[in-house]
Amino acid sequence: MDHTYDSQGTYTVVLTVTDDHNNSTSATLSLTTGGPFRATNTPPTADFTTSCSGLNCTFTSTSTDDAGIAAWQWSTGDGAAAGTKAVHVHRYATAGTFLVMLAVRDGQGGVGVVAEWVTVTP
């Protein structure tokens, strides 16, 4: 899903996923669109890879944009503080399946968001 913001500002993005049994979980990010904001800007494409060993995970942004990525915002799905770099290292307190979300912003205010389920085992 893509969304274009009409102006610069700080927005809360909430992704809620519901399965076949009506179980749901959400991931939330607060993101700031930057400027100068231009309606003709092509927003970045957010993407990442995950590498976990036990409870330790490394999330690496593979996001792309024609002018480069200016900012990253991670949500690890467990309520921990969000990371703000291209590579985010996180240690989960417990094993489980978590909804990890990455929002990226380009230098012209365009935003891309992606979320993936990550299963962590002890």
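The residues of the chain are indexed from 1 along the displayed sequence. Scope of the values below: all heavy atoms of this structure, side chains included, with no hydrogens, waters or symmetry mates.
Side chain of Asp65 to main chain of Ile69: no donor-acceptor pair is present (N/O by atom type, distance under 3.5 Å, no hydrogens or angles).
Taking CZ of Arg105 as the reference point, atom CD of Gln73 lies at 10.0 Å (rounded to 0.5 Å). To the nearest 0.5 angstrom, Thr62 atom OG1 is 4.0 Å from Asp47 atom CG.
Under a hydrophobic-cluster definition in which Ile, Leu, Val, Met, Phe, Trp and Tyr are linked whenever side-chain heavy atoms come within less than 4.5 Å, directly or via other members, Val113 and Trp117 are assigned to the same cluster.
No side-chain donor-acceptor contact under 3.5 Å links Asn56 and His90.
When all heavy atoms of Trp74 and Thr84 are compared, the closest pair comes out as CD1-N, 4.3 Å. Residues Phe48 and Ser61 come closest through the heavy atom pair CB-CA, 4.0 Å. When all heavy atoms of Asp106 and Gly110 are compared, the pair lying nearest together is OD1-N, 2.7 Å. In terms of heavy atoms, Trp72 sits closest to Lys85 at CB-O, 3.6 Å. Nearest heavy-atom pair, Ala115 versus Leu99, reported as atom, atom and distance to 0.1 Å: CB-CD1, 4.1 Å.
Cys57 has its side chain within reach of Val120: a pair of non-hydrogen atoms, C-beta onward, lies under 4.5 Å apart.
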query = Going through the distances and angles, do Val87 and Thr58 end up as a side-chain contact (heavy atoms from CB on, under 4.5 Å)?
reply = CA-CA 7 Å; Val87 177; Thr58 300; 3.7 Å; yes
message = Apply side-chain contact (heavy atoms from CB on, under 4.5 Å) to residues Ser63 and Thr45 and explain how you reach the verdict.
response = CA-CA 6 Å; Ser63 305; Thr45 300; over 6 Å; no
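Test Thr49, Leu102, Thr76 against Phe59 for side chain to side chain contact (heavy atoms under 4.5 Å, CB included) and you get one pass: Thr76.
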